[in-house]
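Only a predicted model underlies this, so the values are computations on that prediction, with no experimental measurement involved. Atom set for the values below is all heavy atoms of this structure, side chains included, hydrogens, waters and symmetry mates excluded. First listed ligand is number 1; within each ligand, the first listed atom is number 1.
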Amino acid sequence: MAKEAQNQNQKTFTLTNDETGESIQLPVQDGTVGPSVIDVRKLYAQTGHFTFDPSFTATGSCKSRLTYIDGEEGILMHRGYTIEELAEHSSFLEVAYLLLYGDLPSSEQMTKFDHDITYHTMVHEQINYFYRGFRRDAHPMAIMCGIVGALAAFYHDSLDIHDPEQREISAHRLIAKIPTLAAMTYKYTIGQPFMYPRNDLNFSENFLYMCFGLPAEPYKVNPILANAMDKIMILHADHEQNASTSTVRLAGSSQANPFACISSGIASLWGPSHGGANQAVLEMLDEIGDKKNIPEFLEKAKDKDDPFLLMGFGHRVYKNFDPRAGVLKKACDEVLDDLGVHDPRLELAMELERIALEDPYFVDRKLFPNVDFYSGIILKAMGFPTSMFTVLFAVARTVGWISQWKEMVEEPTLRIGRPRQLYTGPAQRPYVPMNKRK
Ligand code: CMC
């Protein structure tokens, strides 16, 4: 039984053991906005019990100043700025600066940051040969897990996480080089030559150039696509303590180097419940094929005996709408309009959204389209194959991962993360020799 009490200005919860009648007081900590937390760090020492929250639905794993989400109201803010404002007025690199350093940059700070990132975009030439070890038909995310983890083998001079300068260089290297590696991965899988980065282009222009340019002919960056790419990057930059970010933090809590940590984040992002959903949405739309088949697929999604889920729907935190989905849907309309692309999948997606949002199953469970619902359609229109979608998510999220990692490593109280468990295996039993086993 728990009740809230006020104790010498320290808000507490009182937890009472109903069997013994013993009580302890647990301090409450307030954030700037959003729910407060009950500090259970001394719970085990005081009661001999752990808390149990396997999928972390009620657990705050850290303090963070980066990103705030209000899932009921559909609010996402980075360092206090709403995602809608950032998507409309900012650039991806400016948002990266904001996440890394805490405030929007002055023009001098932005010029320097832009320069620092731009001049780290090339990768060690030896990395070209590393690619050759992969099969050409490998999934791009499989290549990314390996290549990014391997960066620690190339940049020995920025692995000391206790040196602020090395931390900063690693952060810049990761933000700058992951787009180059992502583009190289794409080129490798389609058998085209790698394109070296171009320092006269901005972040998103350069990324498109490295993906779609060819050495044999000049490549003119389409400003509409570059703008849309920048918006997609901003919308995916950070998202609080999601699975991949928590993975990066947990890996980093053991003082592992940042390249290893980001590679662990990429692995976690790959799953279809997380970043892999953008690929899965497009595959699902192709499988549905026609508006007339929507009811059949909705029934499958509702059937608990069928593993099929409506990909791009639902979110652990957003229970009203995903603010990123709104911005992305608008960007998607603009890109398809500007490119004159008529993708029947967009109509199918809109019809699916309309029907699902009228269906009591989805309404009652507060299942709304998430960011991945529209990102696939826009990326497809830009010319990316579905297998690259999650890679693009990883390019953008690298900024969030490394900012969260930096925030954690810079905490004076950094300790290794070590969850406990509820053990449900056998109690102690004697070893039985093989010839006596039944
Ligand atoms: N289609 C059909 N039913 C669903 C769906 C869906 N997409 N999502 C959740 N449900 C049902 C679920 O079966 C459960 O029903 P019931 O209460 O009857 O058992 C209820 O809704 C609550 O779902 P949950 O599984 O407890 O929710 P969760 O918070 O554990 O999972 C989620 C969140 C995003 C993993 C899940 O909604 C999902 O798998 N969605 C599809 C994949 C997807 O689009 N993922 C991208 C998430 S946003 C970007 C990112 O994080 O990378």
Participant: Kindly indicate whether a cation-pi arrangement holds for Arg198 with Tyr209, taking the cut-offs as under 6.0 Å to the six-membered ring centre and within 45° of the axis.
Facilitator: yes
Participant: Just by distance, do the side chain of Ser253 and the backbone of Leu250 share a donor-acceptor pair under 3.5 Å?
Facilitator: yes
Participant: Less than 3.5 Å between some nitrogen or oxygen of Phe362 and one of ligand 1, yes or no?
Facilitator: no
Participant: Counting only heavy atoms on the protein side, is anything nearer than 4.0 Å to atom 22 (C) of ligand 1?
Facilitator: no
Participant: Taking a cutoff of less than 4.0 Å between a non-hydrogen atom of the residue and any ligand atom, is Phe373 in contact with ligand 1?
Facilitator: no
Participant: Please confirm whether Leu367 approaches ligand 1 to less than 4.0 Å, judged on its heavy atoms.
Facilitator: yes
Participant: Out of Asp372, Leu298, Val317, Thr390, indicate the one that has the non-hydrogen atom closest to atom 49 (C) of ligand 1.
Facilitator: Asp372
Participant: Does atom 31 (O) of ligand 1 have a protein heavy-atom neighbour under 4.0 Å away?
Facilitator: no
Participant: Evaluate Met311 for polar contact with ligand 1, using N/O atom pairs at a separation under 3.5 Å.
Facilitator: no
Participant: Is it true that Arg167 and Asp160 make a salt bridge, defined as a side-chain N closer than 4.0 Å to a carboxylate O?
Facilitator: no
Participant: Under 6.0 Å from the ring centre and within 45 degrees of the ring axis: does the NZ or CZ of Lys187 meet both conditions for the six-membered ring of Phe194?
Facilitator: no
Participant: Within a radius of less than 6.0 Å around CZ of Phe56, do more than 12 heavy atoms belonging to other residues, nucleotides or ligands occur?
Facilitator: no
Participant: Looking at Phe393, which atoms of ligand 1 are within less than 4.0 Å of one of its heavy atoms?
Facilitator: 52 (O)
Participant: Under 3.5 Å between some N or O of ligand 1 and some N or O of Leu309?
Facilitator: no
Participant: Inspect the contact between Arg249 and Glu407 and indicate whether a charged nitrogen and a carboxylate oxygen are less than 4.0 angstrom apart.
Facilitator: yes
Participant: Is it the case that the side chain of Tyr188 and the backbone of Tyr131 share a donor-acceptor pair, with hydrogens and angles ignored and the cut-off at 3.5 Å?
Facilitator: yes
Participant: Which ligand 1 atoms does Pro272 reach within 4.0 Å, using its non-hydrogen atoms?
Facilitator: 42 (C), 45 (N)
Participant: Using a 3.5 Å cut-off on N or O atoms only, is Lys304 in polar contact with ligand 1?
Facilitator: yes
Participant: Do protein heavy atoms approach atom 26 (O) of ligand 1 to less than 4.0 Å?
Facilitator: no
Participant: Is a side-chain donor or acceptor of Arg345 paired with a backbone partner of Leu285 at a separation under 3.5 angstrom?
Facilitator: no
Participant: For Arg316, take its heavy atoms, then give the atoms of ligand 1 lying under 4.0 Å from any of them.
Facilitator: 28 (P), 29 (O), 30 (O), 33 (C)
Participant: Counting each atom of ligand 1 from 1 as listed, which ones have a heavy atom of Gly312 under 4.0 Å away?
Facilitator: 43 (C), 44 (O)
Participant: Mark the output for Tyr361 as yes if a heavy-atom distance to ligand 1 is under 4.0 Å, and as no if none is.
Facilitator: yes
Participant: Among all the protein's heavy atoms, is there at least one whose distance to atom 40 (N) of ligand 1 comes out below 4.0 Å?
Facilitator: yes
Participant: If you scan the protein for heavy atoms around atom 43 (C) of ligand 1, do you find one that is closer than 4.0 Å?
Facilitator: yes
Participant: Would you call Lys112-Asp116 a salt bridge at under 4.0 Å N-O?
Facilitator: yes
Participant: Evaluating non-hydrogen atoms only, which member of Lys300, His274, His236, Arg365 is closest to atom 20 (C) of ligand 1?
Facilitator: Arg365
Participant: Examine the side chains of Glu72 and Asn320 and answer whether a donor and an acceptor come within less than 3.5 Å of each other.
Facilitator: no
Participant: Could you tell me whether Tyr196 atom OH has more than 12 heavy atoms of other residues or ligands within 6.0 Å of it?
Facilitator: no
Participant: Should we say atom OH of Tyr44 is surrounded by more than 12 heavy atoms from elsewhere, each under 6.0 Å from it?
Facilitator: no
Participant: Near Gly314, which atoms of ligand 1 are under 4.0 Å from a heavy atom of that residue?
Facilitator: 34 (C), 37 (O)
Participant: What atoms in ligand 1 come closer than 4.0 Å to a heavy atom of Gly275?
Facilitator: 52 (O)
